[in-house]
Amino acid sequence: MKSRQSSVGRELENFMIWWVPIGDRIPTNSRRLQHLADKLTDAISDTQTLVRLALKTSGNKARLEMIEAMVLNMESVRSIMDLFCEYCERHDHIHFISLKQKASYLKQVESICRQIGGWERKTRFLAAKEENEANPEAGGED
């Protein structure tokens, strides 16, 4: 499982490498777009940090909280990237994301989210198992 979890970190790193040149093409005279680009960069970076922390955490309950935060960060990434793609489609004079790049973004984020989701399901199962083992009388019979 560790290799799959580490691959999430590698994919996030690749996504950041993919994103930076695109973010650099966002018009500097648009404060709002620049602000969203900064938020996107922060969300990717925060998710990378959470992956590293979750890999080092021994308790499944604490790891689950970090993974849930990763899910929220990736929802922000998706939301902001969708907004950028929509913006570029609506404005003929501003194209910092092409259709090919949009397809690449969708593929990368889908893969990252699928892996995080699998990690979340497994960790949720392990956390529940730990909880049941710690409190055997709490789960089951009335």
Side-chain angles (χ1 to χ4, degrees), residues 1-140:
M1 185 74 178
K2 251 192 184 335
S3 65
R4 180 159 38 121
Q5 294 165 359
S6 297
S7 71
V8 172
R10 283 191 297 277
E11 285 198 43
L12 281 162
E13 186 176 295
N14 289 335
F15 185 62
M16 180 70 90
I17 291 167
W18 174 87
W19 159 246
V20 168
I22 294 169
D24 286 344
R25 289 197 306 266
I26 293 175
T28 55
N29 62 346
S30 177
R31 287 182 301 132
R32 288 186 179 95
L33 289 176
Q34 286 291 327
H35 178 71
L36 285 172
D38 291 343
K39 286 181 70 92
L40 179 64
T41 303
D42 290 345
I44 298 167
S45 180
D46 290 348
T47 306
Q48 288 174 306
T49 300
L50 286 165
V51 167
R52 282 188 224 101
L53 289 171
L55 287 170
K56 292 180 180 182
T57 301
S58 59
N60 284 308
K61 203 168 193 178
R63 182 177 295 125
L64 184 59
E65 290 176 11
M66 291 176 203
I67 295 169
E68 288 170 347
M70 288 179 220
V71 170
L72 289 174
N73 282 344
M74 290 309 296
E75 286 176 8
S76 293
V77 167
R78 271 188 166 150
S79 177
I80 294 169
M81 281 300 298
D82 288 346
L83 183 84
F84 283 151
C85 292
E86 182 73 23
Y87 188 87
C88 287
E89 288 174 14
R90 290 185 182 192
H91 294 85
D92 293 332
H93 61 287
I94 298 175
H95 288 285
F96 52 89
I97 298 178
S98 69
L99 290 175
K100 185 177 177 182
Q101 288 168 325
K102 180 180 179 180
S104 177
Y105 137 69
L106 291 170
K107 183 178 177 184
Q108 290 180 76
V109 170
E110 177 61 31
S111 175
I112 292 166
C113 290
R114 191 175 341 100
Q115 289 182 59
I116 292 172
W119 193 8
E120 180 183 26
R121 283 186 295 281
K122 176 157 184 150
T123 305
R124 190 174 303 282
F125 171 78
L126 293 172
K129 185 177 174 183
E130 282 177 0
E131 182 72 27
N132 287 338
E133 289 171 357
N135 301 319
E137 64 279 347

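Residue numbers start at 1 and run along the sequence shown. FYI, side chains are in, hydrogens and waters are out, and symmetry mates aren't considered; it's all heavy atoms of this structure.
Counting only residues at least two apart or in different chains, ring-ring contact (aromatic ring centres under 6.0 Å, His included) contacts with residues 40-59 are absent. Counting only residues at least two apart or in different chains, salt bridge (Lys or Arg N to Asp or Glu O under 4.0 Å) contacts with residues 86-105 comprise E86-R90, E89-K102. Applying the side chain to side chain donor-acceptor pair (under 3.5 Å) definition to pairs two or more places apart or across chains, those involving residues 34-46 are W19-T41.
Partners of R121 by side-chain contact (heavy atoms from CB on, under 4.5 Å), not counting sequence neighbours: none found. E130 is linked by a side-chain hydrogen bond (donor to acceptor under 3.5 Å, both in side chains) to N60, counting only residues two or more places apart in sequence or in another chain. Contacts of E11 classified as side-chain hydrogen bond (donor to acceptor under 3.5 Å, both in side chains), with partners at least two apart in sequence or in another chain: S111, Q115. For E13, there are no salt bridge (Lys or Arg N to Asp or Glu O under 4.0 Å) partners, not counting sequence neighbours. The side-chain contact (heavy atoms from CB on, under 4.5 Å) search around K61 returns E131, not counting sequence neighbours. Taking H91 as the reference, Y87, H93, I94 meet the side-chain contact (heavy atoms from CB on, under 4.5 Å) condition, with sequence neighbours excluded. Legend: residues meeting side-chain contact (heavy atoms from CB on, under 4.5 Å) with E65, ordered by chain and number and at least two apart, are absent.
Atom-to-atom distance recorded for L12:CG and I112:CD1 is 4.5 Å, nearest 0.5 angstrom. Distance check, rounded to the nearest 0.5 Å: OG1 of T47 to CD1 of I67 gives 12.0 Å. Considering OG1 of T123 and NZ of K129, their distance stands at 13.0 Å, rounded to 0.5 Å. L106 CG to Q108 CD: the interatomic distance, rounded to the nearest 0.5 Å, is 10.0 Å. Between atom CZ of residue R63 and atom CG of residue L53 there is a gap of 11.0 Å, rounded to the nearest 0.5 Å. Note that the CG atom of L40 and the CZ atom of F15 stand 6.0 Å from one another [nearest 0.5 Å].
Of all heavy-atom pairs spanning C88 and H95, the tightest one is O-CE1, 3.3 Å.
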Validation: residues 77-84 side-chain donor-acceptor distances under 3.5 Å, sequence neighbours left out:
residue, atom, partner, partner atom, Å
R78, NH2, E110, OE1, 3.1
D82, OD1, Y105, OH, 2.6

Side chains of residues 23-32: which donor-acceptor partners sit under 3.5 Å, not counting sequence neighbours?
residue, atom, partner, partner atom, Å
R25, NH2, F96, O, 2.9
R25, NH2, Q101, OE1, 3.3
S30, OG, L33, N, 3.4

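Contact of the W18 side chain with the I44 side chain is not registered, since no non-hydrogen atoms from C-beta on lie closer than 4.5 Å.
Heavy-atom contacts from other residues, nucleotides or ligands closer than 6.0 Å to CG of L99 number 12 or fewer.
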